[in-house]
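This report concerns only the one structure given below.
Naming convention: chains lettered A, B, ... in sequence-line order (proteins, then strands); numbering from 1 in each chain.
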Amino acid sequence: EPEVTQTPSHQVTQMGQEVILRCVPISNHLYFYWYRQILGQKVEFLVSFYNNEISEKSEIFDDQFSVERPDGSNFTLKIRSTKLEDSAMYFCASSEGRGGLYEQYFGPGTRLTVT
Amino acid sequence: TQLLEQSPQFLSIQEGENLTVYCNSSSVFSSLQWYRQEPGEGPVLLVTVVTGGEVKKLKRLTFQFGDARKDSSLHITAAQPGDTGLYLCAVPGAGNMLTFGGGTRLMVKP
């Protein structure tokens with residue numbers, strides 16, 4: 001069964017460093033998303049991406065964040081200068097197409113720890 | 001004000017018991033999804049409900065969408081330890097973004 005994959009599973013970085021989180025969405029999906037979940041809190045939407053551009057972004061997704069689809073398979077989230085409060089699980093998700101049931105399939109997540 | 005309120009927040013029951021968890025809102029939604037999340041993993045989609053009053057069954061799990069499409073419930077019959085996890089409801093918004101509820105953390109003891 002097709003699945004979303006994410007690497008690395010755990011990333012430890014120092015405050016102020018740049019990190020890139022990687023995702024391989026399900027191959028025939030057209031919409032891609034990043035969410036984050038701070039320990040013990042809700043899953044929060046960061047950004048959605050379609051047709052090589054951002055469709056929607058939340059207030060969390062400020063200038064320190066960027067997304068890219070560098071090739072036909074990868075989808076990346078970059079945090080330019082990490083802060084302690086960026087420590088969280090980051091989930092990538094993908095969905096098949098426009099409209100319909102908005103069914104999103106999530107990856108296993110990357111645990112980001114900023115020290 | 002929370003868009004989606006899930007209750008209860010925590011539920012601990014014995015194997016074999018039945019339970020119902022709820023997802024409530026004052027807003028009307030075009031659809032609603034239920035996910036289950038285990039510690040350290042991503043949410044796994046269980047079901048999508050679309051029509052007011054709709055009932056969907058997934059083995060021992062029964063999902064219902066309220067007639068007014070503002071709320072939903074998940075009923076588990078004869079719970080098993082493998083049902084342990086965080087149950088999340090979510091609704092779609094602009095740009096296909098999902099807004100999640102806070103979840104119900106279920107523990108089923110053998």
Return yes when atom CD of A:Glu59 has more than 12 non-hydrogen atoms of other residues, nucleotides or ligands closer than 6.0 Å, and no otherwise. no
List the steps, then state whether ring-ring contact (aromatic ring centres under 6.0 Å, His included) holds for A:Phe45 with B:Phe100. CA-CA 9 Å; A:Phe45 170 79; B:Phe100 283 84; over 10 Å; no
With clusters defined by side-chain heavy atoms of hydrophobic residues (ILVMFWY) lying less than 4.5 Å apart, directly or transitively, does B:Leu58 cluster with B:Leu74? yes
Once rounded to the nearest 0.5 Å, what's the spacing between atom CD of A:Glu103 and atom OG1 of B:Thr48? 3.5 Å
Heavy atoms from other residues, nucleotides or ligands near CG of A:Leu39 exceed 12 (cutoff 6.0 Å): no
Taking every heavy-atom pair that is under 4.5 Å apart, which of A:Tyr35, A:Tyr105, A:Phe49 has the most such pairs with chain B? A:Tyr35
Looking at B:Gln9, I'd like to know if its CD atom is crowded, meaning that more than 12 non-hydrogen atoms belonging to other residues, nucleotides or ligands lie closer than 6.0 Å. no
Over 12 foreign heavy atoms within 6.0 Å of CD, A:Gln14: no
Just wondering, are more than 12 heavy atoms of other shown residues or ligands nearer than 6.0 Å to CG in A:Asn51? yes
A:Arg111, CZ atom: more than 12 neighbouring heavy atoms under 6.0 Å: no
Write down the atom of A:Phe106, the atom of B:Pro43, and the distance for their closest heavy-atom approach. CB-O, 3.3 Å
A:Gln37 and B:Gln37: CA distance, side-chain angles, deciding distance, side chain to side chain contact (heavy atoms under 4.5 Å, CB included) verdict: CA-CA 12 Å; A:Gln37 186 176 33; B:Gln37 186 181 25; 2.8 Å; yes
To the nearest 0.5 Å, what is the distance between OG (A:Ser48) and CG (B:Leu98)? 10.0 Å
Do B:Asn96 and A:Ser55 have side chains that approach each other closer than 4.5 Å (heavy atoms only, starting at C-beta)? no
What option among B:Ala90, B:Gly42, B:Gly101, B:Gly40 has the most heavy-atom pairs under 4.5 Å with chain A? B:Gly42
Do A:Gln104 and B:Gln33 have side-chain N/O donor and acceptor atoms under 3.5 Å apart? no
